[in-house]
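Notes for the one structure printed next.
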Amino acid sequence: MKSSASFRAWYRPMRARRRDEAHRSASPLELFFDLCFVVAVAQASEGLHHDISEGHLGHGVISYLSVFFAIWWAWVNFTWFASAYDTDDDVYRLTVLVQIAGALILAAGVPRAFTDGDFTTITYGYVVMRLASTVNWLRAAGGDPQRRATALTFVFGVGVVQAGWLLRLLLPPAWLMPAFVVLVVADLLVPVLGERRGQTTWHPHHIAERYQLFTLIVLGEVVLSTSVAIQRGVDAGNEQLWSLAAAGTVIVFAIWWLYFDRPDPLPPNSVPGALFWGYGHYFAFTSIAAVGAGLAVAVDHDLHTAHVSGRVAGYAVAVPVAVFLVALWALHLPAKRGLGLVLFPAAAVLVLVTPWLVASVDLIAGVLVVLVVVTLVWRHRTATRIP
C-alpha cells in the first residue's frame, strides 16, 4: 500500500479536472511560476525605459512588444493547461520547473535583445519552456481519451512552431521581423485549432484568479517606478519629482481599481469568447508594465538625464495608459451598457491629449481619478435600478 501511494505521488494519470470544481484556487507551484516571471517582466520594462530615455523609440517599442510576447505567451499556455490538467505529481512539478528554468534563460537574454537586437538567448529560453509543455500535453493525451485529439494537436503544433523559432535564428537580418510575425501568428493559431477539436476543461474562476495575479505582477513595475521617483527626488532634492511620485501613485492605484472593479469578470465559456478574453489581456499586461517604464522616463526627464522632449516623456506614460483603458473596455464590452460604452474610450482620448499640456503625468492621474469616480457612481446607480 505504501509503495502504491508513493507511486501515485510520483506519477498520476493526467485526467481532465472538472470545470465546476469547488474552491479551485492557484497552487503554490503556480505562484512560484509567476514569481519567476517577475524577473523577465522587470527586464523588459527596464529595456523599454532605457531605449525611450535614450531616444530610440521605434527600437524600444518593437523590442519590448517582441520580448513581452514570449513572456506572456509562455505564461498563458502554462496557465490554461494547469487549469485543465494540473495533477501536482512529481513528474508534473519537474516539467514545470523546467519551464521556469526556461523563463530565467529568457530573462537573461532580454538586455542583449534591447542593446544588440540579439534574440538568441530569448529564443532558447522560450523553446525550453514550450517544449517542456509538450511533455504534459503528451501525458494529457494518454490520460484523457475524450480530448486526445486536442492534446495531440497541441503537441504537434507546439513542436512545429518551436522548430520554426530555432530555424529563424539562421535567417539573414532582413528576414527576421517577417519571420517573427509569421511565427507569432502560428503560435496563436495552435490553441484555436486545438480547442476546436475538443474544448479543454479549464476552470473559469481559476483562470480569472490567475490573470488577476499576473496583473499584480505587472503592476509591480509601476509601483517600483513610483518608488524610484521618490528615492531619486529625495537624493536630488528635486521637489518636482515628489509631484511626479504622487501622480504615479495615483495612476497605479487607479489602474488597480479599474481592473479589479466589482464584479470580477470571468472568461466566456465559448471557445471564441475565451480566446478573445485570453489574448486580449496581452494589451492590458504590456500596457501596465509599460506605464512603469514611462514613469521612469518622466523621472529621467525631470532630472535632465533623458534625451527626449517633455512631450515624448509625457507620451511615454499617456500611450500605455490609453492602451490599457481601451483594452480593458474591449475585454468587458459585452457587459457594457449606456455610459459604459463610451466612458473608457473618452478617457483614453483625454489621456492622449495631456502631453500637449503642462504637468501631463499629473493630468493623467486626474483623468483616471475622475474615471474611477464616475465608474463607481454609474455602477451604484445601475445596481439600485435592478429590482
Side-chain angles (χ1 to χ4, degrees), residues 17 23-49 64 67-111 113-114 121-133 135-136 202-203 205-228 252-253 255-256 259-260 264 278 281-282 284-293 295-296 324:
R17 299 183 65 155
H23 310 296
R24 182 73 190 277
S25 61
S27 68
L29 183 60
E30 289 175 311
L31 297 177
F32 183 48
F33 187 89
D34 290 356
L35 178 63
C36 293
F37 268 73
V38 171
V39 180
V41 172
Q43 292 275 38
S45 181
E46 176 57 27
L48 178 63
H49 155 221
Y64 174 73
V67 168
F68 209 99
F69 172 81
I71 299 169
W72 165 79
W73 189 238
W75 179 89
V76 164
N77 279 268
F78 165 77
T79 296
W80 289 76
F81 178 88
S83 187
Y85 289 108
D86 184 356
T87 57
D88 198 33
D89 58 25
D90 293 342
V91 174
Y92 178 76
R93 289 183 174 190
L94 288 172
T95 56
V96 173
L97 291 177
V98 171
Q99 292 180 66
I100 291 174
L104 297 178
I105 295 171
L106 188 154
V110 172
F114 276 93
T121 304
I122 286 181
T123 301
Y124 289 155
Y126 180 71
V127 170
V128 167
M129 287 188 287
R130 301 293 285 124
L131 290 182
S133 71
V135 175
N136 286 328
W202 47 268
H203 194 289
H205 291 275
H206 177 246
I207 288 293
E209 180 194 21
R210 298 291 291 117
Y211 272 72
Q212 290 167 357
L213 291 171
F214 200 79
T215 300
L216 293 176
I217 287 176
V218 293
L219 272 172
E221 292 307 307
V222 191
V223 173
L224 177 61
S225 296
T226 303
S227 176
V228 168
V252 69
F253 287 174
I255 290 175
W256 175 87
Y259 184 87
F260 290 94
D264 295 330
H281 270 81
Y282 170 79
F285 292 155
T286 53
S287 59
I288 294 174
V291 170
L295 288 172
F324 167 75

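Positions are given from 1 along the sequence. FYI, side chains are in, hydrogens and waters are out, and symmetry mates aren't considered; it's all heavy atoms of this structure.
- For F324, there are no ring-ring contact (aromatic ring centres under 6.0 Å, His included) partners at least two apart in sequence or on another chain.
- Side-chain contact between Y92 and L29 is present, with heavy atoms from C-beta onward closer than 4.5 Å.
- Here D86 pairs with nothing under the salt bridge (Lys or Arg N to Asp or Glu O under 4.0 Å) rule; sequence neighbours left out.
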Next item on the list: Output, in order, the C-alpha distance, side-chain angles, deciding distance and verdict of side chain to side chain contact (heavy atoms under 4.5 Å, CB included) for F68 and V218.
Entry: CA-CA 11 Å; F68 209 99; V218 293; 4.0 Å; yes
Note to self: Between V96 and F78, is the side chain to side chain contact (heavy atoms under 4.5 Å, CB included) condition met? List the steps.
What the structure shows: CA-CA 8 Å; V96 173; F78 165 77; 3.6 Å; yes
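- Side-chain contact of H49 with E221: a donor-acceptor pair under 3.5 Å is absent, judged by distance alone.
- With sequence neighbours excluded, no residue forms a ring-ring contact (aromatic ring centres under 6.0 Å, His included) with Y124.
- No more than 12 heavy atoms of other residues, nucleotides or ligands sit less than 6.0 Å from atom CZ of F253.
- The distance from the CD1 atom of I217 to the CD1 atom of I288 is 11.5 Å, given to the nearest 0.5 Å.
- Residue V67 comes nearest to A113 through the heavy atom pair CG2-CB, 4.2 Å, listed as atom of the first residue, atom of the second, then distance.
- A distance of 8.5 Å separates CZ in R93 from OG in S27, rounded to the nearest 0.5 Å.
- In terms of heavy atoms, A108 sits closest to T121 at C-CG2, 4.4 Å.
- N77 and S133 share no side-chain donor-acceptor pair at under 3.5 Å.
- F114 and Q43 get closest at one heavy-atom pair: CE1-O, 4.5 Å.
- We find the CD1-CE distance between I71 and M129 to be 8.0 Å, quoted to the nearest 0.5 Å.
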Check: L94 and V98: side chain to side chain contact (heavy atoms under 4.5 Å, CB included), yes or no, with the steps?
Finding: CA-CA 6 Å; L94 288 172; V98 171; 5.7 Å; no
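- Contact record, L106 with I122: O-CG1, 3.6 Å, taken as the closest heavy-atom pair.
- When each of F81, Y211, F69 is paired with W75, the ring pair (Phe, Tyr, Trp, His ring centres under 6.0 Å) condition holds for Y211 and for no other.
- The minimum heavy-atom distance between A289 and Y64, with the atom names listed, is CB-OH, 3.2 Å.
- Here the side chains of V41 and F285 are not in contact, with every heavy-atom distance at 4.5 Å or above.
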Checklist line | F260 vs W256, ring-ring contact (aromatic ring centres under 6.0 Å, His included): CA-CA, chis, key distance, verdict | finding: CA-CA 6 Å; F260 290 94; W256 175 87; 5.7 Å; yes
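- Smallest separation of non-hydrogen atoms from A107 and V39: CB-CG1, 3.8 Å.
- Between W202 atom CH2 and W80 atom CH2 the span is 4.5 Å, to the nearest 0.5 Å.
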Check: Run the side chain to side chain contact (heavy atoms under 4.5 Å, CB included) check on F37 and I100 step by step: do they pass?
Finding: CA-CA 8 Å; F37 268 73; I100 291 174; 5.8 Å; no
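- The side chain to side chain donor-acceptor pair (under 3.5 Å) test with S83 singles out one residue from H206, E30, R210, H205, and that residue is H206.
- Summarising the geometry, atom CG belonging to L104 is positioned 12.0 Å from atom CD belonging to Q99; distances are rounded to the nearest 0.5 Å.
- In this structure, the side chain of Y85 does not engage the main chain of N136 through any donor-acceptor pair within 3.5 Å.
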